[in-house]
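Chain identifiers are assigned alphabetically (A, B, ...) following the order of the sequence lines, protein sequences preceding nucleic acid strands; residue numbering begins at 1 within each chain.
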Number of protein chains: 2
Amino acid sequence: MILIHWRDNFTARQNDAAMNEKNIRAILRKANLRCTRGRVDVLQVLLESPDPTTHEDLHKKLQGTGINRVTVYRVLETLQKSGIVHRVEAGDRIWRFAVCGRMHPGHCHPHFICRQCGKIECLKEFPMPDMPSVAKDYTVEEQEMYLRGICPNCASKIKNLKCK
Amino acid sequence: MILIHWRDNFTARQNDAAMNEKNIRAILRKANLRCTRGRVDVLQVLLESPDPTTHEDLHKKLQGTGINRVTVYRVLETLQKSGIVHRVEAGDRIWRFAVCGRMHPGHCHPHFICRQCGKIECLKEFPMPDMPSVAKDYTVEEQEMYLRGICPNCASKIKNLKCK
DNA sequence: TGTTAATATGCAACAGAGTTGCATATGTAT
DNA sequence: ATACATATGCAACTCTGTTGCATATTAACA
């Protein structure tokens, strides 16, 4: 499918802009969304971002395009609703967005929040744990998991300090 | 008439409250916190609340005490930091707080958010799933899980509608 | 019981991330 | 090319949570 295809290309970092835009448009069309300038740009930045991204970061990265800050909000809302991106809660009341993986709308992996540096990551390589065996009365449609602790970068820094 | 009736109820309630206050003070002392009026009151309301509670709700419930709104924020922050209550992210940028269970600081159970009615619940009877097998580079200290879908109440309402 | 130091609280003001309303622009189907 | 649905820019707003400072309060101690 198209989604998997463009992710592979992206991962290999061999895409050119035109090819990428083509794929981005395909994603939007698949979701029955218009391929507006704002949406293409936002989605491109998100695809290039390793980590979940805030409205503000997106706005900054796209300031050359003249996109309005409110439009960033609206685009992200639309993309989220259509299942293309997922929203991440970091506990600081700032929403962050990241592209969903593997045809999965919503969260399909845990997220890690470092209490030291504040970095927030999608743990894409790790599966969401099995749904807890909740009572049958609850209809569980989505599952989010957040892990908090020390990220590898901070851990190695702390380790280095200890070695001194 | 009404006043006397209320007073009788109040007296009975007062006895329960006194016992409860004793326990509350013990909790606070255990955490090396002062047993201030605000803290006792807030903790009491939280202990009586089946669901995670917002600052605003707490402030409303305690308006007879004259507690300042800012103090509600501060008390909750203090209680959270000391591990007595945990904070719940519902995705609406409003924090909710609930008492931690069973000597466990932080999250020790999943939370359920109903997309229909917005109700947010601690699923206390259900254990947090096993920590996902994240790479060893990550030091996982805390784990939060949120389940989203339809709560039993809304599910039965929808069912009733269907039966008509 | 009184004293005192640490810290909790009330108050007023503020910050900022996200939202709203409306006029205009734009994408796309025909 | 036209038309319609909706995306966007702009200005203003909302509201949840935070800050700073003066005063009140708790609890340890003598």
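Computed from coordinates, the B:E77 CD to C:dA8 P distance equals 11 Å when rounded to whole Å. Rounded to whole Å, the distance from CH2 on B:W95 to C1' on C:dG18 is 14 Å. To the nearest angstrom, P of D:dG17 lies 10 Å from CG of B:L76. At whole-Å resolution of the value, CG in A:L28 and C1' in D:dT6 are 14 Å apart. Atom CG in B:L43 sits about 15 Å away from atom P in C:dA8, given to the nearest Å. For A:K81 and D:dT6, the NZ to C1' distance is 14 Å, given to the nearest whole Å. In this structure, A:Y73 places its OH atom 17 Å from C1' of C:dG21, rounding to the nearest Å. The interatomic distance linking A:N68 (CG) with C:dT24 (C1') rounds to 13 Å, in whole Å.
Checking D:dT18, D:dG9, C:dT9 against the side-chain heavy atoms of B:R74 singles out C:dT9 as nearest. The side chain of A:H55 lies closest to C:dG18, out of C:dT20, D:dT19, C:dG18. Distance from the side chain of B:R93 is smallest to C:dA17 among C:dC11, D:dG9, C:dA17. Relative to the side chain of B:R69, the nucleotides D:dG9, C:dG18, C:dA13 differ in distance, and C:dA13 lies closest. Listed nucleotides D:dA7, D:dG9, D:dT16 differ in distance to B:E56; the shortest reach to its side chain belongs to D:dT16.
If you check every strand for non-hydrogen atoms under 4.0 Å, A:V70 touches a base.
Contact annotation: the side chain of A:I67 never approaches that of A:L58 to less than 4.5 Å [non-hydrogen atoms, C-beta and beyond]. The closest side-chain heavy-atom distance from B:K124 to B:H109 is below 4.5 Å. Using a 4.5 Å heavy-atom threshold, the side chains of B:T78 and B:I84 count as separate. When side chains are defined from C-beta on, B:I150 counts as touching B:R115, because their heavy atoms get closer than 4.5 Å.
Comparing B:V72 and A:D92 against DNA chain C, the residue whose closest nucleotide sits nearer the 5' end is B:V72.
With sequence neighbours left out, B:R37 forms a salt bridge (Lys or Arg N to Asp or Glu O under 4.0 Å) with B:E21, B:D41. A:H59 is linked by a ring-ring contact (aromatic ring centres under 6.0 Å, His included) to nothing, counting only residues two or more places apart in sequence or in another chain. Remark: A:E77 engages A:K81 in a side chain to side chain contact (heavy atoms under 4.5 Å, CB included) (not counting sequence neighbours).
Hydrophobic cluster membership of A:I113, counting Ile, Leu, Val, Met, Phe, Trp and Tyr whose side-chain heavy atoms lie under 4.5 Å apart directly or via other members: A:V88, A:I120, A:Y146, B:V88, B:I113, B:I120, B:Y146.
Checking B:R96, B:E121, B:H86 one by one against B:H111, the side-chain hydrogen bond (donor to acceptor under 3.5 Å, both in side chains) holds for a single residue, B:H86.
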In 5'-to-3' order, the base (B), backbone-only (S) or no-contact (-) status of each nucleotide in nucleotides 22-30 of chain D, using a 4.0 angstrom heavy-atom cut-off, is ---BBS---

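Across its full length, the helix from C:dT1-D:dA30 to C:dT30-D:dA1 shows an angle of 40° between the axes of its 5 terminal pairs at either end, rounded to 10 degrees.
The distance from atom CD of B:Q143 to atom CE of B:M128, rounded to the nearest 0.5 Å, is 5.0 Å.
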